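Keep in mind the model is a prediction, meaning the values are calculated, not measured. Below, chains carry the letters A, B, ... as their sequence lines are ordered, and counting in each starts from 1.
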Amino acid sequence: MTDRAKVWGVHLLVLAALFAAQFLLPSYHVTNLARIMVLAVFAMGYNIAFGYTGLLSLGHALFFAAGMYGMGLPVWHLEWLSLPALIAGLLAGGAMAGVVGLLALRTAGVSFMIVTLMFAQAGYLTLLYLNSWTGGDEGFVVARSGRVLLGFDLATDTPRFMAAFVLFAAGLLLCLWLVRSPFGRVMVAMRENEERSRMLGYDPFRVKLTALILSGLYAGAAGAAYGMLFGYVGATFATIQYSILPMLYVLLGGAGTVLGPFLGALLMFYLIDITSGYTDAYLFVVGAALVGLVLFAPKGILGTLRERALRWLP
Amino acid sequence: MSFGPFLLLAVLEGTVMAAVLALTAVGLSLVFGVMRVVNVAHGEFYMLGAVLAWFITYYLPFPPALAWLAALIIAPLIVAMIAALADTLVLKRLNYDPEATIVATIGLLYMLQQAALTFYGSDARPVVAPFQWRIQLPWFGYSGYKLFVVLAAVVILAAVWLFMTRTKVGLVMRATQVDRDTAQAFGINVDRVYAGTFALGGALAAAAAVLIVPIQQAHYLMGHDPLLLSFIVVIIGGLGSIRGTLVAALVIGLSDGVISMFFSPTLAKIIATLLVALVLVFRPQGLFGARA
Amino acid sequence: MAQDLIGLTPSRRALLKGAGAGLLTAGFVAPVWAQAAPVKLGFQLHRTGIGAAYGRWYERTAQAALKVVNEAGGINGRPVEIVFEDDGTDPKRGAEVVEKLTSQHKCDLIFGPLFSHVVIGSAPRAGELKVPYLVCSEGFHVAGGMLNRWSMQPGITDVRAQVSSMAPWVLANLGKKVTMVFPDYAFGHDHRDYFTAAVEAGGGQVVAQIAVPPTETSFTRYLPQIPNDTEVLYHVMVGPAVLTFVKELGEFYGTGAKPEIFGFIDSLEAVDMASPGLEFLEGSHFWEGHCRVKQADASEHEIAYRAAVGVDDNGASVSDAKDVSTYAHMFSVWETLHIIKAGMEASGYQGIADRQKFVEAVEAMTEMPESLAHVQGNKVFNGKTHQVFGHQFISKVEGGKLIKVHTTSIEESLYPDAVDYTTQSF
């Protein structure tokens, strides 16, 4: 079998398994899987910036929240329907990433991390400050009328799962196509050696900005979808915790692998869900996972697997 | 209240804030300067200092002043040991790679928070101040202890300053900051310098917390705000520049107190945060630092 | 009915025998219970995060109420179990916990959350899962119409009712010119909006509204904004920094002239009144949802409740006098569990297929007389807005203890319905 066939085979198999899961798993896990797929889209976006382009951001919560509020505010105040609202959320995430990128990408490394962190913190405080528009810390419930997409009620189980699945599948295939495209290789070149790619004639700023906007579009889509599928928009989703979660998913699953973000989100979600049954110390679980990963498995699960056995894994 | 006393109160509050902030931020700045490590768990060292101070004053059968004094010595020592341990077990093994250490210190942050939650609990608990003395001004009353905090912070900072400029250990640390490899070539044990610096940074944060904990309460989530403020101060002051950090702490502490008299405090925080981001983008050496 | 319960303080032996204790309630014979599957109640608990101080006491209260209900024969003759899940005081996890309790633990219903952002984040999922969601939250979001047919607040009054009913007393006894200090988020805004309206309706004036950001840890610099002509200072704070706020207020006024101080006990919930720096509160007044200190006129039910939860006469844990309870709020957990019992028995609840019947049975409730089930006092439930109304207490600090000086009437706390949930579909 050629590598190309293997690659497509593996990813389509994963999608098929996920599609089948809704018929095979108990309802609790089906809804969890819908959450995980949306969070995985967020993490895939993070992976485009961090895993492939080498941009370690601590501000992705801002893009996720931009998507969530970009969807939720028009539904609340302007009574938009779900489709335009979702598109507004997607674009809000991308636009926010563009604005942040124009400024933050003038820095690199540690400074880039702190600048993105500060922008995200300012965004969070702005949500609190404009509480008469945003509902502040309390947030708001997305109206049921704004949660009907193309005739399907997203507040019911099957349409919700399918919506999450379609979003996830689109995100996954797009990501697979992207990283195997010429532009994807330029992104990796930025990560590996920015100077050399500059000498080869690429404009690092433009490449990184494009990658960050793509990343923001993913985050925005995920934020909008999370708000719409689960019916709540709130400022906690803009806190720094939601910048760290996608980083954790990506590190766990494997930075720079297409399936890594999903695997990381899946494992982390169930790690917390299961340990919370035995102990309240799930903060410790998150912390220990982060430290353990950077110490012992900096490439994550799929990254290590690729290094040891499956060289063809994208 | 008329404007004069209003301003006086704002300045007093600003000075207290600046003093505590300077102590906390200098630790962060030192660690960044010498080790090039951004310690995201710095706020948790502060929190640990406060929590330990509660344990020490609660269980030591001394009068409040003595118990608090014991806390001021013991809590920073314990935190220093924890920090040195974290450095040896984690940061050193990462070869102080800047990005990996940030991720690792985020992990450390969560672990320390959980440890405090498990062993100390979720309550905000007060520590009795070493003395109760209130100054009654014609317009308002003010806590005498808060003025003492300023004094104590200045003394500790002066000691750090002397340590860094006048002692051999300080010289070694500064040498390592300037050029790690050359320092190593001259036989300096860089590992020990790094562990010592990380411990000192943690101890300073803990000392700041012991000073503040009779005013505020020890709580397992209290490390968040000092961390962000310290970041702001360290960046405005110029990453790694101790003098810049001190100046910035004074400016931020005073202006925060005065600005929030005229604007919504949330708006003031938004502006300060954005300002920091823009400083890093357009003037990475900081507003007060000549060099990084 | 609940007020007919016998065996308030059963012998240790009866406790140990548990299911076989053989207590009889109206019409139900205990032996049935040995075979009956338990009623499983889910409790959404703030065990960690900013709500943890409340969470600890909510859990203890729920355990105590559970024991009393089980000793009295359970619900419909079936034993009762509570499954606790921590939501970290986080709305995202809150919704997941609702999911977990409903789908995985197969709980019959869910109750117990307090913080409003968690309630608002979780209620949509409860509505979709069609599981009754009984909150103990104080927020106006239930009666305000933001939630859904499955979400109700039968165990505690909301902020709007609390502040409207107390404003007349404050104006008549403390002063007409009020300055408010409140946290700058939704809970504080409810105070700001409804107390201001009530003060103006009563001929008073709110001379300043000082909003403090929720992330603040130091408050002295806000205090000069209190105008000099203020007659009453109204304060309400929540979160870990509450004690700092009150202490700094004391330092600020010192021995100088100060206005009358009227506070919401939220500012000192779970805090020892004997903490150093709080001496200046002597003679000031507090709202209490339920009197922390055992009052001279405490009812037998109140006394039994206090003993069952393990709270001493000063409102602290019987095992640790420094562990002060969230007494003004936690009764809601006790009362909610008893309402669950009453609602399930009135609807002949058998299993999850009867969830809708349960909601309808609670909606049909009106008068709730004071009893062991309603230890805080009698209440009136409004089935249309899913909100309960009750008495409020105003206490004065005398000798470091909160002594009740006034009880508001239920009528004073009523306001026009903002929503009719009964017209919504299930």
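- Scanning residues 100-125 of chain C against chain A with a 4.5 Å heavy-atom cutoff picks out C/K100, C/S103, C/Q104, C/S116, C/H117, C/I120, C/G121, C/P124, C/R125, ordered by number.
- Only the side chain of C/E85 comes within less than 4.5 Å of a heavy atom of chain A; its backbone N, CA, C and O stay farther away.
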- Item | Verdict with reasoning, A/D273 to A/R35, per salt bridge (Lys or Arg N to Asp or Glu O under 4.0 Å) | CA-CA 13 Å; A/D273 196 61; A/R35 289 179 200 278; over 6 Å; no

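- Shown here is C/E200, whose CD atom has more than 12 heavy atoms of other residues, nucleotides or ligands within 6.0 Å.
- C/R60 has a carboxylate O that lies under 4.0 Å from a charged side-chain N of C/D323, or vice versa, which qualifies the two as a salt bridge.
- Heavy-atom proximity under 4.5 angstrom to chain C picks out A/L128 from residues 117-128 of chain A.
- Only the side chain of A/N131 comes within less than 4.5 Å of a heavy atom in chain C; its backbone stays farther off.
- A donor-acceptor pair under 3.5 Å is absent between the side-chain atoms of C/R355 and the main chain of C/V131, judged by distance alone.
- C/Y194 and C/H189 form no side-chain donor-acceptor contact under 3.5 Å, judged by distance and modelled atom types alone.
- Atom OG1 of A/T31 sits about 9.0 Å away from atom CD of C/E128, to the nearest 0.5 Å.
- C/D193 and C/R160 are not joined by a salt bridge, as no carboxylate oxygen comes within less than 4.0 angstrom of a charged side-chain nitrogen.
- For the residue pair A/H60 / A/S57, a side-chain donor-acceptor distance below 3.5 Å is found, with atom types taken as modelled.
- Between the side chains of C/H386 and C/S151, not a single donor N or O lies within less than 3.5 Å of an accepting N or O.
- Taking both residues in full, the closest heavy atoms of C/S332 and C/Y58 are given as OG-OH, 3.7 Å, listed atom of the first, atom of the second, then distance.
- Within residues 142-154 of chain A, the residues having any heavy atom closer than 4.5 Å to a heavy atom of chain C are A/R144, A/R147, listed by residue number.
- In this structure, a donor-acceptor pair under 3.5 Å is absent between the side chains of A/Q22 and A/T158.
- Only the side chain of A/F237 comes within contact range of chain C, with at least one heavy atom under 4.5 Å from a heavy atom of that chain.
- Between C/E59 and C/R47, the closest side-chain pair of non-hydrogen atoms falls below 4.5 Å.
- The residue among C/A95, C/G88, C/P91 with the most heavy atom pairs within less than 4.5 Å of chain A is C/P91.
- Residues of residues 133-146 of chain C lying under 4.5 angstrom from chain A, judged on non-hydrogen atoms, are C/H141, C/M146 by number.
- Between A/Y69 and A/P74, the closest heavy-atom pair is O-CD, 3.6 Å.
- A side-chain N or O of C/D86 and one of C/T48 form a donor-acceptor pair less than 3.5 Å apart.
- Contact annotation: the side chain of C/W57 approaches that of C/S325 to within less than 4.5 Å [non-hydrogen atoms, C-beta and beyond].
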- Evaluate the criterion salt bridge (Lys or Arg N to Asp or Glu O under 4.0 Å) for residue pair C/E363 and C/K384; output intermediate values, then yes/no. CA-CA 7 Å; C/E363 281 173 347; C/K384 288 182 177 171; over 6 Å; no

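- With hydrogens and angles ignored, the 3.5 Å screen pairs no side-chain donor or acceptor of C/Q225 with any backbone N or O of C/I210.
- Between the side chains of C/Y185 and C/D190, no donor N or O sits under 3.5 Å from an acceptor N or O.
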